[in-house]
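For reference, the structure is listed below as structure tokens.
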Amino acid sequence: MVEIKILSSAFRHGISEKEILSLLAYDSTRTIFEIHDDEHGNTQEMIVGFSQNGKLLEIALKYTAISDIVFHANKASFKYRRLFRALNR
């Protein structure tokens, strides 16, 4: 199993570790947007979905050979709320 690391930058907007992990744990409540590779060839994704307490969040992840790294977490922006709702009607 790959380790999940949460960088301090992910907590900048007040989203807790529990909220981040709850969103990542439930595949059925999330949608993946904006998949691309960074300059080192690591895949990055923006994931939007509901945390266990019902907040619609956006979480940015980078996948490496060693771990999955969460580097951004926030309440879903207008852009992602709109896209998420359009795809999950």
Side-chain angles (χ1 to χ4, degrees):
M1 180 155 165
V2 175
E3 176 185 6
I4 295 177
K5 290 185 179 181
I6 303 175
L7 300 182
S8 61
S9 61
F11 302 114
R12 182 177 300 144
H13 301 291
I15 306 302
S16 71
E17 178 179 12
K18 182 178 179 180
E19 291 173 304
I20 292 168
L21 294 175
S22 72
L23 174 82
L24 296 176
Y26 299 106
D27 286 341
S28 64
T29 66
R30 66 186 193 197
T31 302
I32 299 170
F33 296 100
E34 297 192 24
I35 300 171
H36 62 86
D37 290 341
D38 69 10
E39 66 275 6
H40 304 290
N42 298 309
T43 300
Q44 294 184 344
E45 295 178 342
M46 181 66 80
I47 299 172
V48 178
F50 290 101
S51 66
Q52 225 172 4
N53 62 2
K55 281 186 192 174
L56 187 59
L57 303 176
E58 61 183 55
I59 295 178
L61 272 155
K62 177 181 0 184
Y63 299 99
T64 70
I66 299 169
S67 60
D68 296 349
I69 301 169
V70 177
F71 60 91
H72 168 80
N74 199 3
K75 291 180 186 174
S77 66
F78 176 77
K79 170 187 172 180
Y80 289 117
R81 285 194 314 267
R82 188 171 36 105
L83 289 169
F84 182 83
R85 289 190 176 118
L87 291 173
N88 291 285
R89 288 182 184 208

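A single hydrophobic cluster is not seen to contain both Met46 and Ile15; linkage of ILVMFWY side chains at heavy-atom distances under 4.5 Å, directly or through other members, places them apart. Linking ILVMFWY residues whenever their side-chain heavy atoms come closer than 4.5 Å, directly or via other members, leaves Leu87 and Phe78 in distinct clusters. At a threshold of 4.5 Å between side-chain heavy atoms, the hydrophobic network of Ile, Leu, Val, Met, Phe, Trp and Tyr places Leu23 and Ile32 in one connected group. Taken together through direct or relayed side-chain contacts under 4.5 Å among Ile, Leu, Val, Met, Phe, Trp and Tyr, Phe11 and Ile69 form parts of separate hydrophobic clusters.
Using a 30° and 60° split on the angle between ring planes, Phe50 and Phe84 fall in the perpendicular class, above 60°.
Other residues, nucleotides and ligands contribute more than 12 heavy atoms inside 6.0 Å of the CZ atom of Arg81. In the displayed structure, Ile66 atom CD1 is contacted under 6.0 Å by at most 12 heavy atoms of other residues, nucleotides or ligands.
Atom OG of Ser22 is separated from atom NZ of Lys55 by 10.0 Å, given to the nearest 0.5 angstrom. Interatomic distance, Glu34 CD to Gln44 CD, rounded to the nearest 0.5 Å: 10.5 Å. Considering CG of Asn42 and CG of Asp37, their distance stands at 7.5 Å, rounded to 0.5 Å. The CG atom of Leu57 sits 9.5 Å away from atom NZ of Lys75, with the distance rounded to the nearest 0.5 Å. Here the CD-OG1 distance, from Glu58 to Thr31, works out to 13.0 Å after rounding to the nearest 0.5 Å. Taking CZ of Arg85 as the start and CZ of Arg82 as the end, the distance is 11.5 Å to the nearest 0.5 Å.
Using a 4.0 Å cut-off between charged nitrogen and carboxylate oxygen, Glu45 and Arg30 do not count as a salt-bridge pair.
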Exercise for the section: For side chain to side chain contact (heavy atoms under 4.5 Å, CB included), just list the numbers for Leu61 and Leu24, CA-CA rounded to whole Å, side-chain angles, deciding distance to a tenth of an Å, and then say yes or no. Expected result: CA-CA 10 Å; Leu61 272 155; Leu24 296 176; 3.6 Å; yes

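Side-chain N or O atoms of Glu19 include none that pairs as donor or acceptor with a backbone N or O of Asn53 at under 3.5 Å. In this structure, Ser9 contributes its side chain and Phe71 its backbone to a donor-acceptor pair below 3.5 Å.
Between Ile59 and Ala73, the shortest heavy-atom contact is CG1-CB, 4.2 Å.
Looking at heavy atoms from C-beta onward, Val70 lies out of side-chain contact with Leu21 at the 4.5 angstrom threshold. Within the 4.5 Å cutoff, no side-chain heavy atoms of Tyr80 are placed close to those of Leu56. Val48 has its side chain out of reach of Leu83: every pair of non-hydrogen atoms, C-beta onward, lies at least 4.5 Å apart.
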